[in-house]
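In the text below, chain A, chain B and the rest are named by the order of the sequence lines, each starting its count at 1.
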Amino acid sequence: MTDQRFNPLAADQRWQKRWAESGVFEADDASEKPRSYVLEMFPYPSGRIHMGHVRNYTMGDVLARFRRMQGFEVLHPMGWDAFGMPAENAAMEKKVHPGDWTRANIKAMSAQLKKLGFAFDWSRELATCEPDYYGQEQALFIDMFENDLVYRKESAVNWDPVDMTVLANEQVIDGKGWRSGAPVEKRKLSQWFLKITDFAEDLLSGLDELKGWPEKVRVMQENWIGKSQGLQFHFALSDQQGEQETIEVFSTRPDTIFGASFVALSADHPLTQHLAADNEAIAAFAEECKAGGTTAAELETMAKKGFDTGLKVKHPMDPSWELPVFIANFVLMDYGTGAVFGVPAHDQRDLDFARKYMLPVTRVVAAEGEENTPIHDEAYAGPGKLVNSSLLDGMDVETAQKTVINKAESENWGKAQTTWRLRDWGVSRQRYWGTPIPIIHCEDCGPVPVPKDQLPVVLPEDIDFETPGNPLERHATWKHIDCPKCGKAATRETDTLDTFTNSSWYFLRFASQPDDKPFDPEVVKKWMPVTQYIGGIEHAILHLLYARFWTRALASIGQLEFQEPFESLFTQGMVTHETYKLGDGSWLSPEEVQKNGNDWITVEGGNPVKTGRIEKMSKSKKNVVDPDPIIEQYGADAVRFFMLSDSPPERDLPWSEAGIEGSWRFVQRLWRLFISVTENGDAPDNVDKALNRKLHQTIAGVASDIEDLSFNKAVAKIFELVNQIEKSDGSQDRNVAIKTLAYLVAPMVPHVAEEAWALLGEKDMIAKAAWPDVDESLLVEDEVTIAIQVRGKLRDTLIVAKGSDKQTLEDLALSSEKVQRTIDGAEIKKVIVVPDRLVNLVI
RNA sequence: GCGGACGUGGCGAAAUGGUAGACGCAGCAGACUUAAAAUCUGCUAUCCGAAAUGGGUGUGCGGGUUCGAGUCCCGCCGUCCGCACCA
């Protein structure tokens with residue numbers, strides 16, 4: 001007698017072991033089958049898997065298993081984005097080596113992933129913190145260096161004087177280091193940069209080709225790249241200032257040039273600095289500007305402030321017209337030229353500024369009939385014709401722009417210019433736990449790349465985190481090395497690469513990982529681009545842009561034959577959970593509360609609890625549910641099924657106890673159906689056409705839903721089928737339907753599916769089975785329900801033979817008692833008949 | 001401010017312009033049971049009605065297109081996300 005309950009504790013392990021031993025999920029580079037590369041963003045080994053990971057990898061797994069069943073050779077790898085700050089923080093706090101900490105986390109997390117039964121090709125597992133990975137990354141860096149895609153320049157960084165380290169912008173809180181609390185200083189350091197701006201145009205235009213990407217992500221990248229076209233030109237200073245004879249400005253609205261009423265410099269502009277050198281008031285004002293915050297809220301409320309330098313510039317199109325030069329707090333040094341000309345009538349900031357400093361406001365663009373409407377508090381940024389603009393008068397905005405640009409170019413005071421928001425990517429980090437930059441600094445030869453036969457440049461193990469600063473910098477011996485070119489004593493670069501470089505090419509290394517080079521282009525070509533990439537929206541810009549850049553950069557130096565790494569991208573929603581609070585506002589974890597009737601109370605003490613919003617699981621809100629005990633209690637299949645049910649995958653999924661229990665019950669329900677086959681072996685041989693039809697509709701429907709990643713819809717269809725099977729009488733058709741059901745659920749709940757397979761006498765694994773064929777003839781109903789409407793309102797439904805002709809339908813509709821009652825003798829003006837759908841009577 | 005997404009029962013949600021609310025959760029009633037769990041059956045948008053294959057209303061709000069609108073168009077309101085003194 002078969003156990004009436006499915007026991008995941010035993011079954012999960014049994015099948016996970018068999019999958020691993022058989023190597024069934026290992027991808028074959030040499031396969032002749034069509035290929036599919038399913039990739040989920042690899043995790044940072046923080047120590048524990050969280051529900052977001054579970055959801056992400058479940059989605060990818062269903063797709064990977066499904067594609068395998070459909071006959072694809074599937075590459076579905078897993079690895080670890082293993083460099084990063086948390087390991088160094090752990091080293092400082094817990095006195096463990098970052099490597100030990102990271103490797104222990106990887107071990108723990110891979111065990112957790114394995115318990116979920118994901119169909120990963122573990123033979124390709126990689127960790128970016130191991131020399132066999134980062135050494136190859138160093139080789140790629142050198143290739144880029146030698147192809148002029150890498151350069152070094154002085155750049156301002158946030159410097160924490162206590163921790164003696166560079167901080168990322170996110171690590172600066174209220175101007176202080178997030179760890180030390182010390183006021184952060186701006187420091188100039190020599191930093192390595194990758195020339196992503198060389199690819200700005202390609203990265204932008206390439207977005208149009210990414211049809212399989214969410215519109216949202218493409219728009220975000222487009223904004224980030226930030227292309228603006230306009231005119232860069234100079235104003236001649238009336239009096240030369242030191243070396244400076246002119247002020248260079250950039251504008252996207254050269255058409256408004258006759259509306260100019262001032263020129264404004266950034267506080268960091270060279271001319272400002274020149275003036276500040278012998279003018280204390282200017283120096284003080286420039287300092288004041290820099291002190292201002294840069295958060296959105298601060299900018300919102302910050303008043304426009306300026307300082308009149310007393311200098312004048314000549315208007316390029318009318319040398320007799322002089323404009324005052326201000327230093328202004330709203331002009332950014334790192335965009336455009338660090339100087340602008342102000343057109344108050346057509347730019348809100350300029351207008352605010354002009355009102356404050358009593359500068360002229362001249363309308364130069366006007367919509368029809370608005371020519372004489374004065375500008376008050378709102379600048380006009382809309383379309384129209386030029387006015388008050390000498391030779392431009394009467395032109396539309398676009399023509400005026402072209403005219404001014406042509407004039408500037410022919411008279412040699414400016415040229416058409418494209419400006420990007422995108423900056424080159426600074427990759428230097430003054431940290432230990434990252435890829436060492438494979439450069440040697442020689443006094444005579446300058447920066448020299450480490451010869452490739454000396455790679456990898458391995459991180460030293462014997463380091464200390466007792467004293468602040470970069471351990472590589474103060475290591476006794478590591479950085480001392482002879483110059484590979486001249487042999488003279490030299491030093492290694494002690495900076496390491498930004499961790500985003502690690503994730504910029506890992507998908508290539510998954511596809512091919514030879515010992516002697518980063519990848520084999522021939523093998524990579526077979527798998528790439530990634531067919532379906534799945535991950536969180538938080539990587540919409542940085543990671544996805546950097547990976548696109550690396551792919552294009554490597555293509556530009558002949559290492560790859562494709563331009564885009566990810567054919568389709570899917571950004572999944574977060575896993576959320578209700579939050580709980582005590583009366584005093586402190587957060588409570590789900591374990592600390594329980595339901596008491598309709599209210600919530602604390603487990604200990606029974607104090608009243610307020611339920612808060614449903615939010616992303618986070619430690620601070622204490623609403624995290626750890627997957628491990630849940631898997632322990634309900635088994636991998638129930639957890640996986642929950643992740644797929646109900647919410648569409650791109651939306652947030654609210655975690656609930658009731659939900660996981662529902663999934664558990666469904667797994668048991670499936671199991672009871674499978675058992676019923678063994679008990680109904682001698683069921684009658686009569687045909688259950690309705691059930692067969694439902695079965696084949698479900699096979700087709702589930703397949704297309706999974707293909708669309710609409711897992712919630714696939715789940716709903718499976719429920720419908722299960723409901724119908726349960727209601728149907730025992731028959732051989734019913735047994736076939738149940739056995740077929742095992743294939744349909746196999747990608748989602750693989751353990752119970754394998755168990756069923758064994759129960760039903762199959763010797764091999766369902767993981768190797770093919771997706772069932774659809775009997776197309778069964779997809780077509782022979783009877784359909786048609787709606788009878790009167791003036792678009794439903795009055796009756798009729799069941800008719802499929803394909804009934806219009807006249808028949810019309811006659812049937814008219815003979816309906818309910819329809820007659822509604823019409824009540826009124827004249828029928830029009831009859832709309834949609835065959836197999838509806839009849840609409842218009843009276 | 002700019003850009004994007006979204007708004008449907010108590011909740012998560014379905015719905016090629018064609019019967020709104022499939023499917024799941026929760027809830028209610030019943031069966032089985034000494035009892036509970038599990039399981040099974042039925043009901044469950046809302047209003048009127050004892051009930052009806054009775055009727056009215058209903059997809060954020062206001063208009064429009066259409067024989068017919070959750071879906072398309074215009075204008076609002078709201079929520080969420082991203083970017084932001086970007087010249």
Open item on the list: So, OP1 or OP2 of B:rA84: does either fall under 4.0 Å of a side-chain N or O from A:R421?
Closed with: yes
TODO: On RNA chain B, check which nucleotide each of A:T785 and A:K717 is closest to and give me the residue with the more 5' one.
DONE: A:T785
TODO: Establish whether the base of B:rC85 is bridged to the side chain of A:K304 by a donor-acceptor pair shorter than 3.5 Å.
DONE: yes
TODO: Take the protein atom CG of A:L809 and the nucleotide atom P of B:rG18, then report the distance between them rounded to whole Å.
DONE: 18 Å
Task: Comparing A:K793 and A:T337 on RNA chain B - which has the more 5′ nearest nucleotide - done: A:K793
Open item on the list: For a quick test of reading the model: is some side-chain N or O of A:T797 closer than 4.0 Å to OP1 or OP2 of B:rU53?
Closed with: no
Task: Six-ring centre of A:Y380, A:R363 cation under 6.0 angstrom, axis tolerance 45° - done: yes
- [ ] Return the orientation label for the A:F235 and A:F233 ring planes: parallel under 30°, perpendicular over 60°, tilted otherwise.
- [x] tilted
TODO: Taking only the side-chain heavy atoms of A:N723 (C-beta and beyond), determine which of B:rG18, B:rC23, B:rC86 contains the nearest atom.
DONE: B:rC23
Task: Residues A:E810 and A:K806 bridged, charged N to O under 4.0 Å - done: no
Task: Whole angstrom value for the distance that separates P of B:rA5 from CD of A:Q572 - done: 20 Å
TODO: Whole angstrom is fine here: how far is it from CZ in A:R665 over to P in B:rA26?
DONE: 5 Å
Open item on the list: Categorize A:V331 for me: base, sugar-phosphate, or nothing, with a 4.0 angstrom heavy-atom threshold over every strand shown.
Closed with: base
TODO: Please report, rounded to the nearest Å, how far the P atom of B:rU57 is from the CG atom of A:L794.
DONE: 13 Å
Task: Anti/syn call for B:rG9, syn if |chi| within 90° - done: syn
TODO: Measure from CG on A:L721 to P on B:rA22 and round the result to the nearest Å.
DONE: 18 Å
Open item on the list: Can you measure A:Q221 atom CD to B:rG82 atom P for me and round it to whole angstrom units?
Closed with: 16 Å
Task: Counter-base of B:rU33, judged by Watson-Crick or G-U geometry with both distances under 3.5 Å - done: none
Open item on the list: Ignoring hydrogens and geometry beyond distance, is the side chain of A:N223 in donor-acceptor contact with the base of B:rC83 at under 3.5 Å?
Closed with: no
